[in-house]
Amino acid sequence: MRPKMKIVFMGTPDFAVPALAALHEAGHEIECVYTQPPRPAGRGKKLRPSPVQAKAEELGLPVRHPKSLRKEDAQAEFAALNADVAVVAAYGLILPQAVLDAHKHGCLNIHASLLPRWRGAAPIHRAIMAGDEQTGVTIMQMEAGLDTGPMLAKVTTPVLDKTTGELTEELAELGANAMVEVLADLPNITPQIQDDAEAIYAPKIDKAEARIDWSRDAEELVRHIHGLAPFPGAWFEVDGMRVKLLRAEVCEERGRSGEVLDDELTIACGKDALRPTRLQPAGKPAMDREDFLRGRTIAKGTILA
């Protein structure tokens, strides 16, 4: 019979929801869920709880959303939960040392890369954009450094032609399952120290990266497009309209960078060309290329901005 633990769960976006659900289903006692405060959303700017808060409330779990954990009273509240371990998945706040040390087994993090590769804020985006053949999740013991802690488990998966959105969903499930397995065998796991010499950082995505530079090679651009899909979305302009590219494929065609080469919206790049397969015009839902081109003419020879 697998041991049951008293857990504090800390997470905010959709990526963290499968882990919360899996730990609850495994029978662990979740003392409290920490998440980011509700944010204004939608046209009415009404406060919307995070995906993790919504799931926690569905499961009947207590929720806290402090704006910071740096104050002594917040740290005392956290420590008073007297849990065995804190499980962290894309929480979004820096954890001070007092929080990292508060519970018996400290804080264990689900990180969406094969550490020490892609430490930092955007590991999934960067893995796709760099052309990595595989990625995965690492369960690690958190310490003061940025994703520098000892590793307890790794699970790998091929990148293939997945977008960040698709890969995020997959890694969320892999991470949830991996965390359940780690907690089941925690006393017997020997932590593996990361080799800092192999570390690569994954900086936060800057919106300035999203505008498509057609002078880049098509293969590189396709990775860039997939890495930024669905958010913030790589984009170009045509007839004064901003269009996001969410998925594309490489074609062995040639022309001036940014030139539309045919009526299938094949676009010349610095090397070869690409053909969009999924697009999203401003203010519209995402759609396949055929639907985008229906009733819309982008003439051969047009140079896209």
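Keep in mind that the numbers below use all heavy atoms, side chains included, and drop hydrogens, waters and symmetry copies.
Heavy-atom neighbours of Arg48 CZ from other residues, nucleotides or ligands within 6.0 Å: at or below the threshold of 12. No more than 12 heavy atoms of other residues, nucleotides or ligands shown are found within 6.0 angstrom of CD on Glu133. Glu220 CD: more than 12 foreign heavy atoms inside a 6.0 Å radius. The neighbour count for Glu25 CD, taken as heavy atoms of other residues, nucleotides or ligands under 6.0 Å away, does not exceed 12. Dense packing is recorded around NZ of Lys154, with more than 12 heavy atoms of other residues, nucleotides or ligands lying under 6.0 Å away. Applying the 6.0 Å contact sphere to CD1 of Ile94 captures no more than 12 heavy atoms from other residues, nucleotides or ligands.
Listed by chain and residue number, nothing satisfies the side-chain hydrogen bond (donor to acceptor under 3.5 Å, both in side chains) test with His226 (two or more places apart in sequence, or in another chain). Applying the ring-ring contact (aromatic ring centres under 6.0 Å, His included) test to His103 and every residue at least two apart in sequence or in another chain returns Phe78. With sequence neighbours excluded, no residue forms a salt bridge (Lys or Arg N to Asp or Glu O under 4.0 Å) with Lys244.
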With side chain to side chain contact (heavy atoms under 4.5 Å, CB included) as the test, would you mind laying out the steps for Leu183 and Leu23 before giving the verdict?
CA-CA 9 Å; Leu183 293 183; Leu23 294 170; 3.5 Å; yes
Walk me through it: do Met129 and Ile225 pass the test side chain to side chain contact (heavy atoms under 4.5 Å, CB included)?
CA-CA 8 Å; Met129 293 162 71; Ile225 288 163; over 6 Å; no
Assess whether side chain to side chain contact (heavy atoms under 4.5 Å, CB included) is satisfied between Leu174 and Thr156, documenting all intermediate values.
CA-CA 9 Å; Leu174 290 176; Thr156 64; over 6 Å; no
Mind running side chain to side chain contact (heavy atoms under 4.5 Å, CB included) on Lys4 and Glu29 for me, showing each step along the way?
CA-CA 7 Å; Lys4 307 304 179 187; Glu29 186 177 342; over 6 Å; no
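Considering only heavy atoms from C-beta on, Lys207 stays 4.5 Å or farther from Leu228 through its side chain. Contact check for Ile298 versus Leu265: side-chain heavy atoms found under the 4.5 Å cut-off. Ile267 places a side-chain heavy atom less than 4.5 Å from the side chain of Pro276. At a threshold of 4.5 Å between non-hydrogen side-chain atoms, the residues Met140 and Leu108 do not count as touching. Here the side chains of Val87 and Val8 are not in contact, with every heavy-atom distance at 4.5 Å or above. Side-chain contact between Val250 and Leu274 is absent, with no heavy-atom pair separated by less than 4.5 Å. Met142 has its side chain within reach of Val88: a pair of non-hydrogen atoms, C-beta onward, lies under 4.5 Å apart. Cys107 has its side chain within reach of Leu95: a pair of non-hydrogen atoms, C-beta onward, lies under 4.5 Å apart.
Between the side chains of Thr157 and Glu170, at least one donor-acceptor pair of N or O atoms lies under 3.5 Å. For the 3.5 Å distance criterion, the side chains of Gln97 and Asp101 qualify, holding a donor opposite an acceptor.
Looking at Asp217, its side chain never comes within 3.5 Å of a backbone N or O of Glu219 through a donor-acceptor pair. Glu198 places no side-chain N or O within donor-acceptor distance of the main-chain N or O of Asp195, the cut-off being under 3.5 Å. The main-chain N or O of Gly227 is found under 3.5 Å from a side-chain atom of Thr164 such that the two form a donor-acceptor pair. Side-chain atoms of Glu166 come within 3.5 Å of backbone N or O of Thr163 as a donor-acceptor pair. Of the possible polar contacts, one joining the Gln192 side chain to the Thr190 backbone as a donor-acceptor pair under 3.5 Å is found. Of the possible donor and acceptor atoms, one in the side chain of Gln194 sits under 3.5 Å from a partner among the backbone N and O of Asp147. A donor-acceptor pair under 3.5 Å is absent between the side-chain atoms of Asp272 and the main chain of Ala218, judged by distance alone. Within the 3.5 Å criterion, the main-chain N or O of Ala56 finds no donor-acceptor partner in the side chain of His24. Looking only at distances, no side-chain donor or acceptor of Arg126 sits under 3.5 Å from a matching main-chain atom of Ala202.
Between Arg119 and Leu146, the shortest heavy-atom distance links the atoms CD-O, 3.6 Å. Considering every non-hydrogen atom in both Leu47 and Pro40, the closest pair reads CD2-N, 3.8 Å. The heavy-atom pair separating Ala90 from Phe15 by the smallest distance is CB-CD2, 4.1 Å. The shortest heavy-atom contact between Asn82 and Lys6 is O-NZ, 3.4 Å. The minimum heavy-atom distance between Gln141 and His105, with the atom names listed, is NE2-O, 2.9 Å. Contact between Thr266 and Ala273 at its shortest, heavy atoms only, is CG2-CB, 3.9 Å.
For the atom pair Leu59 CG and Leu20 CG, the distance stands at 5.5 Å (nearest 0.5 Å). The line from CZ of Arg70 to CD of Gln75 is 9.5 Å long, rounded to the nearest 0.5 Å. Here Lys104 contributes atom NZ and Leu186 contributes atom CG; the two are 9.0 Å apart, rounded to the nearest 0.5 Å. The distance from atom CG of Asn109 to atom CE of Met10, rounded to the nearest 0.5 Å, is 10.5 Å. How far CD of Glu169 is from NZ of Lys162: 11.5 Å, rounded to the nearest 0.5 Å. Between Lys300 atom NZ and Asp262 atom CG the span is 7.5 Å, to the nearest 0.5 Å.
Salt-bridge check for Glu58 with Lys55: passed, with a basic side-chain N closer than 4.0 Å to an acidic carboxylate O. By the 4.0 Å N-to-carboxylate-O rule, Arg296 lies too far from Asp239 to be salt-bridged with it. With salt bridges taken as basic N to acidic carboxylate O contacts below 4.0 Å, none links Glu264 and Arg275. Of the charged side-chain nitrogens involved, at least one lies within less than 4.0 Å of a carboxylate oxygen, so that Arg247 and Asp161 count as a salt-bridged pair.
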Could you pull out every donor-acceptor pair under 3.5 Å between side chains of residues 279-288 and any protein atom, sequence neighbours left out?
from: Gln280; atom 1: NE2; to: Lys284; atom 2: O; distance (Å): 3.0
from: Asp288; atom 1: OD1; to: Arg278; atom 2: NH1; distance (Å): 2.9

Pairs of donor and acceptor atoms involving the side chains of residues 230-237, under 3.5 Å and at least two apart or interchain, shall be tabulated with distances.
none

Under 3.5 Å, which donor-acceptor pairs link side chains of residues 30-39 to any protein atom two or more places apart or in another chain?
from: Tyr34; atom 1: OH; to: Arg64; atom 2: NH1; distance (Å): 2.7
from: Thr35; atom 1: OG1; to: Gly11; atom 2: O; distance (Å): 2.8
from: Thr35; atom 1: OG1; to: Thr12; atom 2: OG1; distance (Å): 3.4
from: Thr35; atom 1: OG1; to: Ser50; atom 2: OG; distance (Å): 2.7
from: Gln36; atom 1: OE1; to: Arg39; atom 2: NH2; distance (Å): 2.6

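Val17 and Leu93 fall into different hydrophobic clusters, where Ile, Leu, Val, Met, Phe, Trp and Tyr side chains are chained together by heavy-atom contacts under 4.5 Å. Residue Leu114 is not grouped with residue Ile139 when hydrophobic side chains (ILVMFWY) are merged at heavy-atom distances under 4.5 angstrom, including chains of intermediate members. Transitive grouping of hydrophobic side chains (ILVMFWY, heavy atoms separated by less than 4.5 Å) keeps Tyr91 and Val137 in distinct clusters.
No cation-pi contact links Arg294 to Phe292, judged by a cut-off of 6.0 Å to the six-membered ring centre and 45° from its axis.
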